[in-house]
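Below: one structure, written as structure tokens.
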Amino acid sequence: MKTVIFIFIGTLCVAGSAGVHPKQLLLCGMGGLISHITFVVLENMNIDDGMCAFVTAAVVTLYAEIIARRVKTPVTVFLYSAIVPVLPGRSLFYTVLYLIERDSVEFIRQGMYTLILSLTISLGIVAMSSVSKLFFYIKNHKIK
């Protein structure tokens with residue numbers, strides 16, 4: 001339970017530091033919770049970290065797209081703060097640590113893991129963003 005509270009507060013801090021309007025901070029915090037809970041649920045189902053990151057990024061992007069249209073705000077306002085709990089910060093830290101320690105084998109292993117995780121997050125965002133834009137385009141233009 002403490003983790004969920006800290007994730008919510010951390011997401012609020014990220015959103016606040018990005019200059020998000022105070023009325024939208026709660027929605028940003030909810031995005032962070034959705035992000036964290038989605039990742040943890042998928043991880044507990046023994047799904048690969050890359051797939052967890054991809055699905056979580058897609059879910060958070062869908063949330064951000066829907067909320068942004070409801071409150072008439074750019075999607076990045078909600079996506080930026082909500083994706084932070086999924087970012088591979090610890091992995092990046094160890095990659096740099098192994099580089100500094102000149103442990104080339106661990107540096108390459110950890111670096112590849114960090115790169116793959118980052119790419120899957122990006123692909124999840126791009127995939128869901130494209131699908132939602134197509135959906136809203138069809139909905140608004142009544143294409144059949």
Side-chain angles (χ1 to χ4, degrees), residues 1-140:
M1 186 64 182
K2 280 193 258 182
T3 304
V4 171
I5 293 168
F6 288 135
I7 291 289
F8 183 76
I9 292 170
T11 305
L12 288 179
C13 292
V14 168
S17 68
V20 173
H21 193 276
K23 291 181 181 179
Q24 298 167 345
L25 283 176
L26 184 62
L27 294 171
C28 290
M30 293 302 294
L33 288 179
I34 291 169
S35 173
H36 176 69
I37 291 169
T38 303
F39 192 86
V40 169
V41 166
L42 292 171
E43 196 174 47
N44 287 338
M45 293 170 65
N46 293 324
I47 295 175
D48 179 63
D49 286 349
M51 186 56 76
C52 289
F54 178 84
V55 172
T56 301
V59 167
V60 169
T61 303
L62 180 62
Y63 169 80
E65 292 276 352
I66 291 169
I67 295 299
R69 281 179 171 69
R70 293 239 182 225
V71 297
K72 296 182 182 4
T73 304
V75 175
T76 54
V77 168
F78 303 105
L79 184 59
Y80 171 72
S81 56
I83 204 70
V84 168
V86 184
L87 296 178
R90 181 176 62 179
S91 175
L92 184 59
F93 170 81
Y94 283 113
T95 300
V96 174
L97 179 67
Y98 294 135
L99 176 66
I100 292 169
E101 291 178 346
R102 298 177 189 212
D103 185 349
S104 59
V105 173
E106 284 301 311
F107 166 72
I108 291 171
R109 186 187 64 75
Q110 193 68 41
M112 290 300 294
Y113 174 78
T114 304
L115 182 63
I116 290 169
L117 207 57
S118 300
L119 286 174
T120 57
I121 291 169
S122 300
L123 288 173
I125 291 170
V126 168
M128 187 53 73
S129 181
S130 299
V131 168
S132 67
K133 287 198 187 335
L134 181 62
F135 173 78
F136 287 115
Y137 180 82
I138 291 171
K139 181 182 171 192
N140 291 337

Donor-acceptor list for residues 14-35 side chains, cut-off 3.5 Å, not counting sequence neighbours:
unit_1, atom_1, unit_2, atom_2, d
Ser17, OG, Cys13, O, 3.3
Ser17, OG, Val14, O, 2.8
His21, ND1, Lys23, N, 3.1
Gln24, NE2, Thr73, OG1, 2.7
Ser35, OG, Ala82, O, 3.0

Validation: residues 44-53 side-chain donor-acceptor distances under 3.5 Å, sequence neighbours left out:
unit_1, atom_1, unit_2, atom_2, d
Asn44, ND2, Val40, O, 3.3
Asp48, OD2, Gly50, N, 3.2
Asp49, OD2, Tyr113, OH, 2.6

How long is the gap from [atom1] on [X] to [atom2] on [Y], to the nearest 0.5 Å?
X	Y	atom1	atom2	value
Ser118	Leu123	OG	CG	11.0 Å
Thr114	Arg109	OG1	CZ	9.0 Å
Met128	Thr61	CE	OG1	7.5 Å
Thr120	Leu115	OG1	CG	9.5 Å
Phe135	Asn140	CZ	CG	9.0 Å

Worksheet item: Is it the case that more than 12 heavy atoms not belonging to Tyr98 sit under 6.0 Å from its OH atom?
Response: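 Counting other residues, nucleotides and ligands, OH of Tyr98 exceeds 12 neighbours.
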Worksheet item: Does atom CZ of Phe6 have more than 12 heavy-atom neighbours, drawn from other residues, nucleotides or ligands, at distances under 6.0 Å?
Response: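 12 or below, so no.
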Worksheet item: Less than 4.5 Å apart, any side-chain heavy atom of Pro85 and any of Thr11?
Response: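 Yes, their side chains come closer than 4.5 Å.
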For the student: nearest non-hydrogen atoms of [X] and [Y], plus distance:
X	Y	result
Ile125	Leu79	CG2-CD2, 3.8 Å
Val75	Glu65	CG2-OE1, 3.7 Å
Val86	Phe39	CG1-CD1, 4.2 Å
Ala64	Phe78	CB-CB, 3.9 Å

Worksheet item: Step by step, would you call Gln110 with Leu97 a side chain to side chain contact (heavy atoms under 4.5 Å, CB included)?
Response: CA-CA 10 Å; Gln110 193 68 41; Leu97 179 67; over 6 Å; no
Practice prompt. Give me the one residue out of Leu12, Ile5, Val4 that meets side-chain contact (heavy atoms from CB on, under 4.5 Å) with Phe8.
Written response: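 Single side-chain contact (heavy atoms from CB on, under 4.5 Å) partner of Phe8 among Leu12, Ile5, Val4: Leu12.
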Discussion item. For a side chain to side chain contact (heavy atoms under 4.5 Å, CB included) check, start with the C-alpha distance between Thr95 and Phe107, then their side-chain angles and the critical distance, and finish with the verdict.
Written reply: CA-CA 5 Å; Thr95 300; Phe107 166 72; 3.6 Å; yes
